[in-house]
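Order of listing sets the numbers, starting from 1, for every ligand and every atom in it.
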Amino acid sequence: MKQQKSSVTISRKKRPSNRFAFRKSLGQNFLRDSSVVAAIVEGALINSQDIVVEIGPGDGALTILLAERAQAVVALEIDERLTPILLAKFNSRPNVKILQGDIMKKQISDIIEEAGVCLAPGQRVKVLGNLPYYITTPLLMHLLEVSNRQKISTLTVMVQKEVADRIAAGPGSRVFGALSVAVQYHCRVEHLLDVSAEAFVPKPKVASAVLRLTILEQPSVKVSDEAAFFHTVRTAFGQRRKTLQNALAGIRGHGRESLTEAFAAAAIDPGRRAETLSLQEFANLTEAIIR
Ligand code: SAM
């Protein structure tokens, strides 16, 4: 997330320490609008049975409200300067566990184990975070890996508005792409709210939005070979301005003729572009390509 200053002193009442130097490299834009904090926690549909894993608690703006609603909150923060601030703030809250570490290097199961939290049989965690924008896409992909998504019921995340639009976009949209397909394959996507830059300190240069991603029991479309499906999707969007016939030329060793046959078998016009295909059509086309 781009921001105007890399180091700011935030208001006396709300600052996490006397002169906290925000680290732009860690995507540190802290929420300072209580109505936005409330709307995010409300949108996450937290109840008193829930175990919440919060990614990047910062100085705890969301954590406070989560602690009031959830059975337990495990907050993982990479910046070691924030650990003592968080520990002091949540000292009197036994249902809040503060961990220091990098979410990209941890599995959800490790986080739960490290925090010493017990999940009921079959229980999944709710993940929540005002995400560090510098790793939004790899972080979402990490959380959607099979080992993690099997442990998660919902992800309520604040991301750049532009990324939220891409994730939620449907076929026919200019911003529908491989990220939309990857997320919508595993999740139901709901846009909860847009958030202006004014809600943060320091103020970022981009607008933000909050999405609730509900992990589906089964992927949204049936495919016999997931790797082949995502290969088709990535190859098609890799040259999104080209027709599918040109963008997919040579895929899996197909010559022009056999690729034309695959399009015919999937009932897809080869003159269409990737952004017009539904997930089901990508699945049908992949089946025809690998047959
Ligand atoms: N939740 C706070 C709020 O809303 O005010 C802070 C949100 S700030 C956008 C993102 C937070 O994620 C920062 O506190 C940052 O230090 C932390 N962070 C950045 N990279 C991280 C990582 N790889 N693992 C865990 N936390 C990370």
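- By the salt bridge (charged side-chain N to carboxylate O under 4.0 Å, His left out) test, E257 pairs with no residue at all, sequence neighbours left out.
- Close approach of ligand 1 to G101 is summarised as follows: ligand atoms under 4.0 Å from at least one heavy atom of the residue are 24 (N), 25 (C).
- Between F229 and V221, the closest side-chain pair of non-hydrogen atoms falls below 4.5 Å.
- Annotation for ligand 1: atoms under 4.0 Å from non-hydrogen atoms of Y134 are 19 (C), 20 (N), 21 (C), 23 (N).
- Looking at heavy atoms from C-beta onward, I290 lies in side-chain contact with S224 at the 4.5 angstrom threshold.
- Checked by distance only, ligand 1 and Q28 come closer than 3.5 Å through their nitrogen or oxygen atoms.
- Contact annotation: I55 has no heavy atom less than 4.0 Å from any atom of ligand 1.
- Only the side chain of L62 comes within 4.0 Å of ligand 1, judged by heavy-atom distances.
- For the pair R166 and F176, the NZ or CZ position fails the cation-pi test of under 6.0 Å to the six-membered ring centre and within 45 degrees of the ring normal.
- In the candidate list E80, E77, E54, E77 is nearest to atom 17 (C) of ligand 1, counting heavy atoms.
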Let me see the working for D50 and R69 under salt bridge (charged side-chain N to carboxylate O under 4.0 Å, His left out), right down to the final yes or no.
CA-CA 8 Å; D50 284 328; R69 308 261 174 110; over 6 Å; no
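- Each of the following atoms of ligand 1 lies closer than 4.0 Å to a heavy atom of G27: 8 (S), 9 (C), 10 (C).
- Taking a cut-off of under 4.0 Å to the non-hydrogen atoms of L31, the atoms of ligand 1 that pass are 3 (C), 4 (O), 5 (O).
- Taking distance alone, with nitrogen or oxygen atoms compared against 3.5 Å, N130 approaches ligand 1 more closely than that limit.
- At least one N/O-N/O distance between I103 and ligand 1 falls below 3.5 Å.
- Residues I40 and V195 fail the side-chain proximity criterion, which asks for heavy atoms closer than 4.5 Å.
- Every atom of ligand 1 is numbered from 1 in the order shown, and the set under 4.0 Å from a heavy atom of L76 is 25 (C), 26 (N).
- Within ligand 1, the atoms closer than 4.0 Å to a non-hydrogen atom of N29 are 7 (C), 8 (S), 9 (C), numbered from 1 in the order shown.
- Here is the list of ligand 1 atoms found below 4.0 Å of a heavy atom in I135: 23 (N).
- Within the 4.5 Å cutoff, the side chain of R32 has no heavy atoms near those of the K203 side chain.
- A distance of 12.5 Å separates CZ in R273 from CZ in F237, rounded to the nearest 0.5 Å.
- Transitive grouping of hydrophobic side chains (ILVMFWY, heavy atoms separated by less than 4.5 Å) brings L119 and I108 into a common cluster.
- Residue D102 has at least one heavy-atom neighbour below 4.0 Å for each of these atoms of ligand 1: 22 (C), 23 (N), 24 (N).
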